[in-house]
Amino acid sequence: MADPMKIRAQMKGDTAEIRVLMSHAMETGQRKDNTGATVPSHFIQSITVDVGGKRVIQGQTGTSVSRNPVFGFKVKGAKAGDKVIINWVDNKGDKRTDEATIAA
Amino acid sequence: MKQRLSTLLVAAMMSAAFAVHAQQPARKAAPPAKKDGITAEFEKFREVLEEDNPAELFEARGEDIWKNRKGPAGASMAQCDLGLGAGVVKGAYVQMPRYFADVAQVMDAERRIVHCMVKYLGYNEADIRKQPFSNVNKTPDHVSVITYVAAQSRNMKIAAPQKHPKEKEAYNIGKEIFAYRAGPYDFSCASCHGADGMRIRTQDLPNLRKPAEAIRAYQGWPGYRMTGGFMLTQQWRMNDCFRQQRFPEPSYLSDSITALLAYMTVTANGQVYKGPGIKR
Amino acid sequence: MKNMKKTVVFAAAALACSAVLADEVRNYRAEAVAMMKRDFKAKGIATTDRLHEDGVQAVCNRSGDNPPKDIAVRLERDQLDAVKYPADGKLMGDWKAGEKLAQSGRGMTWSDKAGVPGGGNCYNCHQISPTETSFGTIGPSLYQFGKTRGSGPDMQKYVYGKIWNAKAFNLCSAMPRFGHANALNEQQIKNLVALLLDPQSPVNK
Amino acid sequence: MDALRRTLLKGAGATGAIAAAIAAGVLKPSQVLAAEWNRAAFDAKDVAGAVKGLGGAGAADHAGIVIKAPDIAENGAVVPVDVSSSIPNTVSLAVLVDKNPLPLSAAFDFANGALPEMALRLKLGQTSLVEVVARTADGKFYKAKKEVKVTVGGCGG
């Protein structure tokens with residue numbers, strides 16, 4: 001199973017700043033291992049962010065996103081204490097959902 | 001033959017003569033480069049990179065092993081003494097290398113952590129030595145634990161002890177290894193890290209003889225290596241420097257590497273640790 | 001060879017008079033060398049004999065790269081005497097091949113294969129062609145080297161010799177002795193000479 | 001069905017059947033996302049193809065799109081990029097790397113207070129133009145680009 005994400009969420013004024021680190025190989029499908037064999041592509045394809053019960057972001061990603069991806073978002077009108085739920089799904093169907101609470 | 005003979009002669013007759021000179025700072029470097037565009041540009045984005053460092057993912061993995069893993073006899077890392085008492089992690093990283101009476105040896109953090117993982121969690125040292133460093137396929141458990149332990153000293157002052165004679169010895173020997181030129185390219189550690197303002201390609205080279213720069217090298221590792229996307233440790237950094245120095249390979253967790261790390265860490269004493277790092 | 005031996009004996013004798021503090025301090029240097037010989041293992045082409053100092057390394061190591069002038073002059077002369085210049089007398093090769101070689105940082109590490117020609121490692125330490133912005137600063141900039149210094153026979157000879165054995169001109173130079181160490185062959189050095197001196201090379205544009 | 005779901009489905013070209021399935025509560029949005037990953041755009045081998053796949057062919061340059069990225073990357077494997085749009089009613093941002101084999105890196109939709117701004121890290125195989133395409137609520141597309149140089153970093157050995 002995939003490692004947990006690290007999610008940081010903090011209010012700055014009336015805007016929540018959300019940063020997330022994801023543990024994922026993000027294989028492009030172009031890399032060769034040391035035996036010369038091509039390593040099959042394996043990458044996150046979709047990401048959703050829910051804040052306070054509302055879907056605020058949904059995104060799709062490709063192989064150009066760096067290994068162990070980092071994303072940052074800003075959500076206006078969120079409040080300290082709101083729950084942030086982030087989900088990803090990759091091209092092999094692996095997925096991961098983690099949550100955090102917005103800090104003041 | 002010619003080389004060997006002259007080496008012997010010189011070695012025999014000159015070692016004494018130059019013992020004092022050798023303490024002096026080394027050769028003048030190329031004119032110390034001012035901060036040029038490339039270095040300045042990299043620094044602008046360092047903060048962004050450091051703010052969200054994927055090293056945290058490995059830190060979390062290491063924390064889990066430290067706190068939850070049990071050895072075959074039911075032991076855990078709670079029994080591991082990193083120098084501040086059994087199970088104490090906070091601040092331990094920046095106070096190694098240090099002398100450990102139980103093994104009558106000076107150990108750097110990596111050496112001590114591996115020692116504990118073998119002793120308490122039942123890891124096989126031979127297996128660890130088979131793949132001591134991370135690669136794109138695998139970050140070994142001990143590397144994650146090192147990352148966790150290092151992170152538990154973040155924002156603390158480096159304070160590698162120099163009380164025990166063996167700790168002083170490690171420092172002094174490390175200092176000599178640092179300056180020792182040999183091999184087909186005539187390189188020593190100091191060839192790249194002995195003067196200010198030097199760069200290989202675009203990579204900044206801290207002058208490890210200065211506290212304010214030694215800290216930069218020290219806190220780079222353990223670090224998240226952007227190339228490949230995995231964690232590498234100080235033991236790896238030393239190993240790969242010797243590779244590029246065109247030396248033979250230093251054994252993993254050997255006295256020579258501990259000595260070098262003692263020299264670098266003691267030089268950085270008093271500086272505040274901001275690692276784990278993120279490196280190109 | 002005889003010349004070299006004599007010089008070293010002379011050099012050592014000249015220094016012996018200042019050897020007073022010797023036995024009062026612990027010889028960490030010797031301990032360090034012994035420790036390395038114990039801890040370092042041969043890997044690939046990187047054999048353990050690389051841990052032995054040769055004469056030049058020994059002098060530089062013991063003087064903090066700052067040897068007494070008379071010793072430096074003598075040892076530099078020995079090094080220069082041993083430079084092998086091409087039998088055909090031609091010192092300039094192909095600057096394009098030189099540029100490619102200058103880019104490569106490979107050669108003589110334990111991960112390099114035996115018999116595969118190494119790289120010049122030049123950009124690791126020097127600025128050279130203006131098109132390459134990723135260059136090191138351990139050595140001086142070589143941009144416009146030929147343009148500012150000329151590219152006549154004497155300059156060609158100097159550059160060839162410098163690459164073959166940098167220690168012939170500055171005993172404790174940080175630069176490797178590429179010819180002396182068999183890190184670069186004759187043709188490779190010629191190509192690097194051309195990179196620095198050929199008027200057609202981007203270095204001199 | 002909220003605004004975000006509508007924009008996403010539109011952008012990804014969802015079929016009526018799937019939209020109906022969501023409306024009926026049979027499919028969860030995440031399942032739809034996985035199913036509806038915009039293959040046409042992400043598998044495109046050049047920027048034009050990818051932008052076309054996003055439905056944004058003919059996007060006009062706009063100074064309201066800001067791309068913060070290094071002029072020279074310390075390492076092409078991890079290039080920190082921050083993109084934002086001050087164009088009113090921006091609901092979606094896509095990020096592309098023109099010299100990568102598959103240029104489209106990310107396409108994100110924003111709703112319910114999420115600002116049209118995101119930080120991410122990209123792989124650049126070589127010196128490239130990072131392009132950002134913004135879409136507004138009324139379906140108009142705008143773009144901007146910035147060059148990021150990738151150089152040789154270490155000892156090269």
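Every chain is numbered from 1 and lettered A, B, ... according to where its sequence line falls, protein lines coming before strand lines. Being a predicted model, the structure only gives us computed values, none of them experimental.
In terms of heavy atoms, B/Phe45 sits closest to D/Pro80 at CD2-CG, 3.9 Å.
In this structure, D/Ile72 CD1 and B/Glu41 CD are separated by 6.0 Å, a value rounded to the nearest 0.5 Å.
Of residues 48-55 of chain B, those residues lying under 4.5 Å from chain D by any heavy-atom pair are B/Val48, B/Leu49, B/Asp52, B/Pro54.
Note on B/Lys279, B/Met226, B/Lys44: by heavy-atom pairs under 4.5 Å with chain D, the leading option is B/Met226.
Looking at D/Ala119, neither its backbone nor its side chain comes within 4.5 Å of chain B, counting heavy atoms on both sides.
For NZ of D/Lys140, the number of neighbouring non-hydrogen atoms (other residues, nucleotides, ligands) closer than 6.0 Å is 12 at most.
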Practice problem: Could you walk me through whether B/Arg46 and D/Glu74 pass the side-chain contact (heavy atoms from CB on, under 4.5 Å) test, one step at a time? | Solution: CA-CA 9 Å; B/Arg46 280 313 300 181; D/Glu74 185 174 346; 2.9 Å; yes

